[in-house]
J.: 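Handing you a structure now.
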Amino acid sequence: MNKSNTVLILISIAFVVVLTACGDTAGVPPPTPTTAESARPTRTPRPAAANTQPTTAPTAASEGTIIRPPPTNNQTGLTTLGNVQVEMSLEGTIKTEGQTDESIRIVMQEIRLQNGNSRLVIESTTPDQGISRISYFLIDGETFQYTERGDERTCISVSGSDFFTGSMLTPESLIGDLKEATLAERGVQVNGFTTDRYTFSLNEQSLGYQGQASGEIWVASSPNIVVRHIGTLNGSFGGIAVEEGGEILPQSTGNLSWKYNVTQIAQTPTITLPETCTQQQAAGADIPLPPNISNQLRTNDVISFEASDTAANIAQFYQTEMVAKGWQAGTVTQYGDTYQLTFTKDGRTATITISTTDNRTQVIIFLGL
């Protein structure tokens with residue numbers, strides 16, 4: 001088994017156990033993407049908080065009184081804050097039998113703007129892979145996935161996909177209903193919010209895992225969201241197979257710490273696409289798209305989608321609309337319900353393949369020089 005994959009699996013197992021103790025684990029994704037790429041742009045500085053700081057001092061909870069936090073919903077609550085930044089970091093070390101110690105660091109930063117645009121950056125650092133980075137952009141309703149590795153830049157535009165809702169940066173997915181947390185202090189100022197501070201300490205044991213977790217959670221009431229969440233996890237795991245009949249995970253021990261913070265942004269920043277993405281948009285700007293399409297995907301030289309119309313009608317659409325966009329028509333080849341059309345323009349070529357599978361018309365457009 002690949003060493004990095006083993007580390008990700010072991011961390012996921014440990015997190016799931018802690019999440020189960022803290023609340024509902026539905027929708028919890030693994031703590032790092034396996035497709036993240038590398039290159040470090042300038043980090044966005046932490047914005048100034050827009051909330052006014054009250055002057056009242058925090059008050060401690062009554063001794064012996066156990067008060068649980070109210071249900072929170074950051075996915076909904078964050079939308080009421082206007083422009084907001086959410087950050088989360090994970091750091092730890094995994095010690096596995098027969099292997100060198102593995103350190104891991106994951107940083108996630110999401111900016112959500114009142115106009116609906118968003119940016120999510122996920123960066124991970126491991127000794128064998130270095131820095132990996134993947135960025136998601138939601139701009140004017142279109143979603144982009146941007147990856148960087150060395151000098152290579154790749155941008156994919158995907159319709160009908162939401163990389164933001166229910167992500168790791170949603171505390172109700174991360175820590176559930178906080179049923180094991182206990183009130184420690186009221187009226188604490190954190191990140192510009194007035195919050196109540198809760199603490200938790202867990203000792204958990206399940207199939208293939210045993211460990212301890214502790215931390216603190218700051219919950220605001222207006223809106224009712226988790227503003228800050230920090231914690232540590234120490235445990236041992238392994239000796240089980242992730243899949244039935246699969247490879248047995250090696251025995252490992254590890255420690256993990258995490259920090260989560262929500263901050264309002266005082267002024268509206270501008271979210272802009274990387275140059276690779278804007279070049280991709282420009283390259284396909286003169287390629288017409290028929291109405292009622294779905295599952296659209298764009299890369300540097302390919303556009304693909306599904307259409308509700310027949311292959312014959314889509315072929316006729318491109319024979320008409322490509323010429324209207326200044327393209328010169330070339331060959332047309334037909335084999336039953338499969339069409340291939342070629343066009344040229346200013347030294348560029350466009351090859352359009354139209355086929356029918358399971359009563360759905362599929363279109364693939366290859367752009368070249």
Side-chain angles (χ1 to χ4, degrees), residues 15 18-19 22-24 27-29 31-32 43-54 58 68-91 105-123 135-138 162-178 181 183-200 215-232 257-271:
F15 248 88
V18 174
L19 300 176
C22 286
D24 183 14
V28 178
T32 183
R43 291 298 302 269
T44 303
R46 179 178 296 279
N51 299 69
T52 302
Q53 297 276 354
R68 304 302 189 194
T72 59
N73 190 324
N74 275 40
Q75 195 64 52
T76 300
L78 291 177
T79 61
T80 67
L81 295 177
N83 304 319
V84 64
Q85 176 173 290
V86 185
E87 291 182 304
M88 183 171 181
S89 63
L90 301 165
E91 295 187 65
R105 182 174 183 268
I106 305 163
V107 177
M108 292 170 277
Q109 182 195 76
E110 181 177 351
I111 292 180
R112 302 184 182 194
L113 301 186
Q114 194 169 11
N115 62 11
N117 292 346
S118 300
R119 184 189 69 198
L120 171 62
V121 180
I122 305 175
E123 177 184 286
S135 303
Y136 299 98
F137 297 84
L138 176 60
D162 186 353
F163 297 108
F164 298 89
T165 302
S167 72
M168 191 75 172
L169 298 186
T170 305
E172 58 266 21
S173 295
L174 175 66
I175 51 180
D177 59 10
L178 314 179
L183 178 65
E185 196 174 14
R186 292 192 183 277
V188 184
Q189 296 302 308
V190 173
N191 299 346
F193 295 87
T194 301
T195 70
D196 294 335
R197 181 174 65 90
Y198 297 82
T199 62
F200 66 89
E216 298 177 88
I217 303 160
W218 288 260
V219 180
S221 59
S222 182
N224 192 24
I225 61 171
V226 173
V227 172
R228 192 177 188 211
H229 180 217
I230 64 175
T232 59
S257 63
W258 63 90
K259 297 178 182 178
Y260 171 94
N261 283 281
V262 173
T263 312
Q264 280 189 280
I265 303 175
Q267 297 181 348
T268 303
T270 300
I271 297 178

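Note that the structure is a prediction, hence the values are computed from the model and not measured.
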J.: Take the angle between the ring planes of Phe200 and Trp258 and call it parallel below 30°, perpendicular above 60°, tilted in between.
T.: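 Geometry flag for Trp258 against Phe200: parallel rings.
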J.: Indicate yes or no for a side-chain donor-acceptor contact from Asn261 to the backbone of Glu87 under 3.5 Å, with no hydrogens or angles considered.
T.: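 No, because the side chain of Asn261 does not come within donor-acceptor range (under 3.5 Å) of the backbone of Glu87.
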J.: Is any side-chain heavy atom of Pro223 closer than 4.5 Å to a side-chain heavy atom of Leu81?
T.: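 When only atoms from C-beta onward are counted, Leu81 and Pro223 do touch, with a gap below 4.5 Å.
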J.: Taking atom NZ of Lys259 and atom NE2 of His229, what is their separation to the nearest 0.5 Å?
T.: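 Rounded to the nearest 0.5 Å, the NZ-NE2 separation comes to 13.0 Å.
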J.: Going by the side chain to side chain contact (heavy atoms under 4.5 Å, CB included) test, name the single residue among Ile230, Val226, Val227 that passes it with Ile217.
T.: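 Exactly one candidate clears the test, Val226.
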J.: Going by heavy atoms in the side chains, are Met88 and Gln109 under 4.5 Å from each other?
T.: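 No, side chains not in contact.
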J.: Shortest non-hydrogen contact from Thr195 to Trp218?
T.: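 Smallest heavy-atom distance, with atoms named: OG1-CD1, 3.3 Å.
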J.: What is the minimum heavy-atom distance between Val121 and Ser135, and which atoms define it?
T.: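 Smallest interatomic distance, heavy atoms only, reads CG2-OG, 3.8 Å.
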J.: Provide the closest heavy-atom pair for Gln114 versus Asn83 in the form atom of the first, atom of the second, distance.
T.: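 Heavy atoms of Gln114 and Asn83 come nearest at N-OD1, 2.8 Å.
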J.: Any side-chain donor paired with an acceptor under 3.5 Å for Gln85 and Arg112?
T.: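 Their side chains do not contain a donor-acceptor pair, so the 3.5 Å distance test is not met.
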J.: Between Thr194 and Gln189, is any side-chain donor less than 3.5 angstrom from a side-chain acceptor?
T.: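 Checked: Thr194/Gln189 side chains pair up, N/O donor to acceptor below 3.5 Å.
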J.: What are the two closest heavy atoms between Gly116 and Leu138, and how far apart are they?
T.: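 What the structure gives for the nearest pair is O-CD2, 3.7 Å.
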J.: Starting at OG1 of Thr270, measure out to CZ of Arg119 and round the result to the nearest 0.5 Å.
T.: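 With rounding to 0.5 Å, OG1 (Thr270) is 11.0 Å from CZ (Arg119).
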J.: Which distance, rounded to the nearest 0.5 Å, do you find between the CD1 of Ile271 and the OG of Ser118?
T.: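 OG of Ser118 is found 6.0 Å from CD1 of Ile271.
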J.: Kindly say whether Asn117 contributes a backbone atom to a donor-acceptor pair with the side chain of Asn115 at under 3.5 angstrom?
T.: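 Present.
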J.: Could you report the tightest heavy-atom contact between Ile111 and Ile265, atom names first, then the distance?
T.: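 Here Ile111 and Ile265 meet closest at CG2-CD1, 3.9 Å.
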J.: Step by step, would you call Phe193 with Val219 a side-chain contact (heavy atoms from CB on, under 4.5 Å)?
T.: CA-CA 9 Å; Phe193 295 87; Val219 180; over 6 Å; no
J.: What's the shortest heavy-atom distance between Leu113 and Pro269, and which atoms?
T.: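 Scanning both residues, the minimum pair turns out to be CD1-O, 3.5 Å.
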J.: For Arg197, is there an ion pair with Glu216 - N to carboxylate O distance below 4.0 angstrom?
T.: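 Looking at Arg197 together with Glu216, the answer is yes, because their closest N to O distance falls below 4.0 Å.
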J.: Would Leu183 and Asp196 satisfy side-chain contact (heavy atoms from CB on, under 4.5 Å), going step by step from the backbone distance to the final call?
T.: CA-CA 7 Å; Leu183 178 65; Asp196 294 335; 3.9 Å; yes
J.: How far does CZ of Arg105 sit from OG of Ser89, to the nearest 0.5 angstrom?
T.: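 Taking CZ in Arg105 and OG in Ser89, the distance rounds to 6.5 Å.
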J.: How far does CG of Leu90 sit from OH of Tyr260, to the nearest 0.5 angstrom?
T.: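 Rounded to the nearest 0.5 Å, the CG-OH separation comes out at 12.5 Å.
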